[in-house]
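Worksheet: one structure, shown below.
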Amino acid sequence: MFFASDNAGPVAPKVMERVIAANTDYAMPYGKDPIMDEVRSQIREQFEAPEAAVYLVATGTAANALALACYCQPWQTIFCSKVAHIEEDECNAPEFYAGAAKLTLVETDDKMTPDALRRAIVARAAGDVHTPQRGPVSITQVTERGGVHSLDELQALTAVAEEFDCPVHMDGARFANALVALGCTPAEMTWKSGVDVVSFGGTKNGCMGVEAVVFFDPKKAWEFELRRKRGAHLFSKHRFLSAQMAGYLADGAWLETAKQANANAAYLAEGLHKAGAEFLFEPAANMLFPRFPRAIHRKLHDAGARYYLWDGTLDGDDGELLAARMVCDWSISRAQIDLFLSHF
């Protein structure tokens with residue numbers, strides 16, 4: 001009954017098989033391996049972007065921070081949701097890699113809105129030497145509260161960014177989950193909607209540890225290569241990153257794991273609804289924020305369930321409603337979910 005994070009599950013079989021296969025021979029280091037050529041071709045095909053520059057790193061924080069640094073001068077600011085991962089969970093890495101550029105937080109409880117983004121951008125007066133200058137906009141998809149921006153919502157945000165000449169980054173740590181939820185193509189959710197660069201996640205969706213950074217403008221390629229090396233994120237035995245991503249993309253495996261994770265979350269949400277749980281945010285992909293009595297939380301934890309309490313501790317009044325953060329990965333079985341629900 002492990003719902004703490006989709007980082008915690010096992011590696012998908014196709015990914016592990018490809019890593020094992022890559023361990024049987026020699027290959028050139030630093031991204032010069034032939035598997036990386038395959039990955040680059042696959043990602044360009046998936047995103048309908050034949051000129052895209054494609055790079056791999058091992059963590060989502062590295063992907064976000066290095067990608068944003070390519071679009072942000074030290075005297076600029078990055079606009080992001082106040083609950084974005086780059087604000088709450090990356091220990092100032094984006095600011096560090098962008099030479100101490102600021103983050104400007106867009107007011108929201110979940111998905112960013114065009115009006116809120118506009119207010120945040122307008123508040124940063126361009127041309128005033130005393131204030132941070134306008135830099136890139138970062139949109140999280142799936143959001144850190146489990147929301148999924150529709151294509152219309154994405155396009156409304158990128159239209160505001162374009163109006164102020166701000167490039168757009170997408171934090172796609174759960175890119176596949178959002179894509180499955182919307183039923184669209186990678187191109188539709190990125191460059192066709194005005195996104196300039198995407199952190200294309202693999203780790204949370206069945207990989208061992210790999211994320212792709214995809215620049216739809218290849219002019220940023222060399223700068224990224226330099227920043228990746230200078231930031232100590234260029235792997236020598238790069239083929240093991242390449243192999244993960246190749247296995248992830250092969251035969252649509254990445255979409256299958258995302259479909260399974262989303263289906264697991266929908267099944268769990270349905271059971272929680274029937275048990276009387278409330279939800280802080282409407283479930284949209286594979287992340288849930290249900291509220292139910294402390295007594296049930298305590299019973300679940302005693303039974304071995306693992307998830308995060310969102311707004312309290314296990315100590316206190318049995319009847320008080322406490323929220324939880326629960327994430328389903330591809331590997332969770334219906335039997336595990338049923339066992340969890342049986343404690344209500």
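Since the model is a prediction, treat every value here as computed from it, not as a measurement. We're numbering straight along the sequence, starting at 1.
Contact record, Leu151 with Met189: CD2-CA, 3.9 Å, taken as the closest heavy-atom pair. Of all the heavy atoms in Thr140 and Ala84, the pair that sits closest is OG1-CB, 3.9 Å. Heavy atoms only, all atoms of each residue included: His169 and Leu68 are closest at CB-CD2, 3.6 Å. Of all non-hydrogen atoms in His233 and Thr59, the two that sit nearest each other are CE1-OG1, 4.5 Å. When every heavy atom of Pro290 is checked against every heavy atom of Ala277, the shortest pair comes out as CB-CB, 4.3 Å. Across Asp109 and Phe281, no two heavy atoms sit closer than the pair O-CE2, 3.5 Å.
Judged by distance alone, with hydrogens and angles left aside, the side-chain atoms of Asn264 form a donor-acceptor pair with the main-chain N or O of Ile332 at under 3.5 Å. A side-chain donor-acceptor contact under 3.5 Å links Gln336 to the backbone of Ser333. Checked by atom type and distance alone, the side chain of Asn92 never pairs as donor or acceptor with a backbone atom of Glu95 at under 3.5 Å. In this structure, Ser193 contributes its side chain and Glu188 its backbone to a donor-acceptor pair below 3.5 Å. Of the possible polar contacts, none joining the Asp251 side chain to the Ala253 backbone as a donor-acceptor pair under 3.5 Å is found. Asp196 contributes a side-chain N or O that, together with a main-chain N or O of Val168, makes up a donor-acceptor pair within less than 3.5 Å. A donor-acceptor pair under 3.5 Å is formed between the side chain of Trp191 and the backbone N or O of Phe47. Of the possible polar contacts, none joining the Arg228 side chain to the Leu234 backbone as a donor-acceptor pair under 3.5 Å is found. Judged by distance alone, with hydrogens and angles left aside, the side-chain atoms of Asn205 form a donor-acceptor pair with the main-chain N or O of Ala258 at under 3.5 Å. Listed for the His238 side chain is no donor-acceptor partner under 3.5 Å among the backbone atoms of Lys32.
A centroid separation of 6.0 Å or more is found between the aromatic rings of Phe240 and Phe235. Phe344 and Phe292 have their aromatic ring centers within a separation under 6.0 angstrom.
A cation-pi arrangement, defined by a distance under 6.0 Å to the six-membered ring centre and an angle within 45 degrees of its axis, is present between Arg334 and Tyr267. Figure legend: cation-pi geometry between Lys220 and Tyr71, with NZ or CZ positioned under 6.0 Å from the six-membered ring centre and within 45° of its axis.
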Give the C-alpha distance, both sets of side-chain angles, the deciding distance and a yes or no for salt bridge (Lys or Arg N to Asp or Glu O under 4.0 Å) between Lys274 and Glu270. CA-CA 6 Å; Lys274 289 179 179 177; Glu270 181 183 8; 3.4 Å; yes
Check against side chain to side chain contact (heavy atoms under 4.5 Å, CB included), Arg118 and Thr113: CA-CA 9 Å; Arg118 179 183 297 277; Thr113 66; over 6 Å; no
Between Phe340 and Leu272, is the side chain to side chain contact (heavy atoms under 4.5 Å, CB included) condition met? List the steps. CA-CA 10 Å; Phe340 182 90; Leu272 288 168; 4.3 Å; yes
Walk me through it: do Thr203 and Met208 pass the test side chain to side chain contact (heavy atoms under 4.5 Å, CB included)? CA-CA 6 Å; Thr203 306; Met208 185 182 302; over 6 Å; no
Test ring-ring contact (aromatic ring centres under 6.0 Å, His included) applied to Phe224 and Phe215, step by step: CA-CA 9 Å; Phe224 184 85; Phe215 290 92; 5.4 Å; yes
Worked verdict on His343 versus Leu339 for side chain to side chain contact (heavy atoms under 4.5 Å, CB included): CA-CA 7 Å; His343 290 85; Leu339 178 60; 4.1 Å; yes
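Note on Val197: it does not cluster hydrophobically with Phe216, by side-chain heavy-atom contacts below 4.5 Å among ILVMFWY residues. By the rule that hydrophobic residues join a cluster once side-chain heavy atoms approach within less than 4.5 Å of another member, Val39 and Leu66 end up as members of separate clusters. Linking ILVMFWY side-chain heavy atoms closer than 4.5 Å, directly or via other members, places Ile337 and Met287 in two distinct hydrophobic clusters. Hydrophobic clustering places Ile78 together with Leu105 (ILVMFWY residues linked when any side-chain heavy atoms are closer than 4.5 Å, directly or through intermediates). No single ILVMFWY cluster, assembled from side-chain heavy atoms under 4.5 Å apart, contains both Met170 and Leu103.
For the pair Asp6 and Arg174, the salt-bridge criterion is met [side-chain N within less than 4.0 Å of a carboxylate O]. Salt-bridge annotation for Asp37 and Arg40: present, with a side-chain N of the basic residue lying under 4.0 Å from a carboxylate O of the acidic one. The pair Glu107-Lys82 meets the salt-bridge criterion, since a charged nitrogen lies less than 4.0 angstrom from a carboxylate oxygen. Using a 4.0 Å cut-off between charged nitrogen and carboxylate oxygen, Arg227 and Glu223 count as a salt-bridge pair. The pair Glu88-Arg145 meets the salt-bridge criterion, since a charged nitrogen lies less than 4.0 angstrom from a carboxylate oxygen. Ionic pairing of Lys111 and Glu153 is present here: one or more N-O contacts between side-chain nitrogen and carboxylate oxygen are shorter than 4.0 angstrom. In this structure, Glu256 pairs ionically with Lys259, as a charged nitrogen and a carboxylate oxygen lie closer than 4.0 Å.
Here the CG atom belonging to Asp338 is positioned 11.5 Å from the CE atom belonging to Met1, to the nearest 0.5 angstrom. If you take OH on Tyr55 and CD1 on Ile43, they are separated by 12.0 Å, rounding to the nearest 0.5 Å. Expressed to the nearest 0.5 Å, how far CZ of Arg298 lies from CG of Leu309 amounts to 10.5 Å. Atoms SG and CE, from Cys207 and Met245 in turn, are 5.5 Å apart once rounded to the nearest 0.5 Å. The CZ atom of Phe3 sits 14.5 Å away from atom OH of Tyr308, with the distance rounded to the nearest 0.5 Å. To the nearest 0.5 Å, the span separating SG on Cys166 from CD1 on Ile121 amounts to 4.5 Å.
The 12-atom threshold is not exceeded at CD of Glu45, counting heavy atoms of other residues, nucleotides or ligands nearer than 6.0 Å.
For the pair Asp165 and Arg134, the minimum side-chain heavy-atom distance is 4.5 Å or more. Contact check for Tyr248 versus Arg18: no side-chain heavy atoms found under the 4.5 Å cut-off. Between Pro132 and Trp75 there is no side-chain heavy-atom pair separated by less than 4.5 Å. Val137 has its side chain within reach of Leu117: a pair of non-hydrogen atoms, C-beta onward, lies under 4.5 Å apart. With contacts defined as side-chain heavy-atom distances shorter than 4.5 Å, the pair Glu51/Arg44 does not qualify. Side-chain contact between Leu182 and Val148: present, with at least one pair of heavy atoms (C-beta onward) separated by less than 4.5 Å. Counting heavy atoms from C-beta on, the side chains of Leu321 and Pro293 come closer than 4.5 Å.
Taking the six-membered ring for Trp and thresholds of 30 and 60 degrees, Phe200 and Phe175 have ring planes more than 60 degrees apart, a perpendicular arrangement.
One side chain, Ser331 or Asp329, offers a donor N or O that lies under 3.5 Å from an acceptor on the other. Residues Thr104 and Arg124 have side chains that bring a donor and an acceptor to within less than 3.5 angstrom of each other. Using a 3.5 Å distance cut-off with no hydrogens or angles, the side chains of His149 and Gln141 do pair a donor with an acceptor. Between the side chains of Asp171 and Ser199, no donor-acceptor pair of N or O atoms lies under 3.5 Å. A donor-acceptor pair shorter than 3.5 Å cannot be found between the side chains of Gln133 and Thr77.
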